[in-house]
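For reference, the structure is listed below as structure tokens.
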Amino acid sequence: MTTVGGSGGLGAATPPSSSVPTRRATAARRVGDVLHHNEEHVWRWSARTASVIPLAGLAFVLTILAIKAWPAVKVNGLSFLTSSKWQPGSTYGATVHTHGVAHPLGASYGAWPLIAGTLQTSVIAVLLALPISLGAAFALTERLPRWVSQPVGFAVEILAGIPSVVIGLWGVLVLGPILARDVYPIVANNMPDVPVLSYFRGPAGHGEGLLTSGIVLGLMIVPIIASTTRDLFLQVPPLPKEGAEALGMTDAEVARRVTIPWVRAGIIGATVLGLGRALGETIAVAMVSGSVLGTVSPNIYGTMTTIAATIVSQLDSAATDGTGFAVATLAEAGLILAVISVAVNVGARMIVDRTSRLAAPVGRA
Amino acid sequence: MAVPANYSYPKTRARRVKEVAFRLATLVALVLVVGPALWILLGVVVDAVPHWKWSVLTTLSQGTSGGLENALIGTLVLMAGVLLLAGSIGILTGIHLAELARPRRNGKSGGTVLRTAAEVLSGFPSIVLGYVGYVALCVGLHWGFSLLPALLILSLMVVPYIAKSTESALRQVPTNYREGAEALGMSTGYALRKVVLKTALPGIVTGVLIALSIAGGETAPLLYTAGATNGLPTFSLVHHPIAYLTYYVWTDYNQPSNAAHYISYDAALILLVLVLLLLIASRITVARTQRYSESRGR
Amino acid sequence: MSWKIRVRHPLAVLALAGAMAVAGSVTVAGAAKVKIPKSGVETPPSASLTETGSTLLYPLWNIWAPAYQQKYSQVSLTTAGTGSGTGIADAISGTVDIGSSDAYLSPTQAQATPTLLNIPLAISVQVIAYNIPGVTAHLKLSGKVISEIYQGKITNWNDPAITALNPGVTIPSLPIVALHRSDGSGDTFIFTQYLSDQDPSGWGTKISYGTTVAFPAFSGALGENGNGGMVSGCKATVGCIAYVGISYLSELLGDGQTYAQLKNAAGNYELPTQTAVAAESAGFVKKTPANETLSMVDGPAKAGYPIINYEYAIVNSHQSSASTAKAIRSVLEWAINAKDGNSAQYLSQVSFQPLPNPIVAKSLAQIKKIS
């Protein structure tokens, strides 16, 4: 009787004892086991290699950025973060050296308006998107009629998919002019001259500016916040909710006292995720912001610019600076944006992960 | 206290009002989400359709006039490349994070640093990625504006989306499938191939389709890596720029000639159609596979 | 046998050596010497060229490229409009074969890459447009006045400084909105050169010129993207003033705006007519150096329109292959040829002016250096 399973059987099941395995079958099983064993290795090895790629890519990007920005960091110093002057200097004039870095005479860059503009538009976007996204997430998860939840779900997916350049185009051609003509003047003229609300007074502008950028950005981040929040809501176990309803709570009270507290930190995390996306948005903001360097907008309708929009509109002209200093400065601004974006996204992930449990079937946490 | 048999509403008016307000709020959210989405779609359609000529799809572009054939094919080529490159890397990453990473001691799943890096990458400003691609690949490696730098940068952007949806799809495969496979003596890799991946396929496909629509709609990174051209895409990976649809939306809306505006709107329309097709495809995939899935109705 | 070769006639040997040397150098020089046929354009080998750069020159390249490729189908010429800065940078790095720029190379750039050539292809003009309802006349504006407008010192159209220059015109009271280019551009370059020239103590010292400058920020300042943005922005903004390239003139006028008469260095106010532009460029012909790096803004011509510039092709004179070099030379020769690219049939579509003949010769001399 041939012994079976002595060679390389990795938990191979023994066939019913009535059929005696032949030598060929044993050999085939041996080959099969070797292949299976290697297959495991192949999967593990390739998956591990692949999963390192995003990390490696991120590190690569940050390194290149830091290298390119270093000359500008040396010269611009800390005042880059606080100064408002964007002066390229006389690019057709003399070249001078500061700290060993060549740059045009009189070049002096300050990125405060860019940073302020980035933060302002993102904050407005989040303030607008959060309530809408929460409402949309409720519409998608609560027992609302299908004529509500189906269109909302589809609309959220469409908004997520529309290219940002198309949204920017719509913002510039359609939304901006309508807002400037019909909405802003009414708001601006009727706002009382009180400390906070006075920000809403003043010339209504031409539709390109801070508020319009905030609205367009808000529209773009609604899908992210809404879909993450919807996933969080779906993970709230039904028992507490049904119990609350059995006790006589209305849908609104269930939402307010059971669902939201259950995933409160997760909602914060989703919002911060949307914030991260808003910070980095380039094209749509470049189209509707008015792109004015060197000034923080005096009121909420005024033109401004963000870091990303500045990079995209100034990169070409920075190339005319033969010393490469202007390009290095833009790289420095990009580095600041990258650092802010990384910090915000890491924070968001930590918050979301702490609350949400990924759908894990029993026994495999 | 007698309670009517059909009692279904709260007793106090305040609570009734709050309930109505809540419903109203969700309706308002409905309007504010569906409204702008429809408005954008209609806006593009209204702008593009009056001057639409089917020849736009078969004529090469000539700067600010002509057609969009090369741009459309270019975008499709970019999407195909992203599908291959980012698809394989993303799915493998998702597999690693879901199945193969060593769990941490506190019971949570492993691979946190890798997962966080992927998440961070997904929120990274696209213009910065484009600039780095330009500096490191187009100029640094002397590839010039071409397909390969564009593919590399685009893939870097969308790999996190594919990885995330792959991971969550894999985690939703019921444990009994895995346990049954192990009981039958399958190695992890074999079980992956024969059982788990097939079950998780709808989620994976959805993630891939989302990634494709993101890749097709990107502008900033492509401006600095793919360049622009009036010709059809060639098969060369380097030294030959490639056209893509978003370039024409971004560049031509600002040109003064009406022909350029029409090109811009037409490109926007084609992009929307592509996005809608991908959306419908992902919905069909999910619906089809759920028809035979055990988890339907859960 | 002795290996020493006795030279019987050393002079003959010397003469032979000399003749060989001369023949050798002639052959070598002949290989490097570019022969331009009578038509003025060399026949190119099969090649694939890329051009990118100035958005002002982009519409013209889009007219030139198909016409050129119709004649020489063995060359595929791709054009793009990414901006003058990118055009120069890409020509420097070799990412692109021909870079277009409204501005010549800066001394720093020329020093860093001495093999770069800037070759004029055509003459472009810039107009100052404005949108004042009820005013259809061509207002007279001087560089100093425009400089003060863009610094926020003159804020209303009926400011005495403007009305003093235009005695016969009724200008309503209207706040001025000063549009500038938010993306760096050659248009900003020549506009700010004009302001620096005419207001040296004010604009010249404080802000100076360049493709990007720190435009003073005040409530009436607005940035626009691209020439198209300037045109549409001015159309949408009543009271605007904007500097726009002349190829956008028809769109400008179509929207009910009009443009100004500008004060030149001689003190006369000129409209951007063909004669005025020709007069201005004629005044610069003698001044143009061999490397054709020259600003033609605010020239001495008495009846010249003050804001004109050469549109440059930036090319590296050291090309990687002789066939690419020949193809590039062919394209550029075609472009500056008065019967081909520089003829009215193409230039008039963008309202550019052809190069004067002496400048064509200088450009040809530079083109021949590309190898």
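Lettering of chains follows the sequences in order, A, B, ..., and the numbering in each one begins at 1. It should be emphasised that the depicted structure is a prediction, and the values quoted were computed from it without experimental measurement.
Proximity to chain B is limited to the side chain of Leu173(A), based on heavy atoms less than 4.5 angstrom apart. Only the side chain of Leu62(A) has a heavy atom closer than 4.5 Å to any heavy atom of chain B. Heavy atoms closer than 4.5 Å to chain B are found in the side chain of Ala255(A), but not in its backbone. For Val344(A), no part lies near chain B; criterion is any non-hydrogen pair under 4.5 Å. The part of Leu169(A) that comes within reach of chain B is its side chain, from C-beta onward, which places non-hydrogen atoms under 4.5 angstrom from that chain. With a 4.5 Å cut-off on non-hydrogen atoms, Leu219(A) touches chain B through its side chain but not through its backbone. In this structure, chain B has heavy atoms under 4.5 Å from both the backbone and the side chain of Ser51(A). Residue contact with chain B, scored on non-hydrogen atoms closer than 4.5 Å, involves the side chain of Val174(A) exclusively. For Ile64(A), the part lying under 4.5 angstrom from a heavy atom of chain B is the side chain only. Using a 4.5 Å cut-off between heavy atoms, Val222(A) touches chain B through its side chain atoms alone.
Ranked by heavy-atom pairs shorter than 4.5 Å toward chain B, the options Leu337(A), Val346(A), Val312(A) are led by Val312(A).
Annotation: Trp39(B), atom CH2; neighbour count of heavy atoms from other residues, nucleotides and ligands within 6.0 Å is above 12.
Residue Ile221(A) comes nearest to Gly274(A) through the heavy atom pair CG2-O, 3.5 Å, listed as atom of the first residue, atom of the second, then distance.
How far CG of Leu222(B) is from CG of Leu154(B): 4.5 Å, rounded to the nearest 0.5 Å.
Side-chain contact between Asp47(B) and Trp170(A): absent, with no pair of heavy atoms (C-beta onward) separated by less than 4.5 Å. Residues Arg16(B) and Val20(B) fail the side-chain proximity criterion, which asks for heavy atoms closer than 4.5 Å.
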Q: Would you sort out whether Leu223(B) and Tyr244(B) count as a side-chain contact (heavy atoms from CB on, under 4.5 Å), showing the intermediate values?
A: CA-CA 10 Å; Leu223(B) 282 176; Tyr244(B) 48 97; 3.7 Å; yes
Q: Take Arg15(B) and Glu253(A), measure what salt bridge (charged side-chain N to carboxylate O under 4.0 Å, His left out) needs, and give me the verdict at the end.
A: CA-CA 8 Å; Arg15(B) 293 174 67 207; Glu253(A) 286 158 354; 2.8 Å; yes
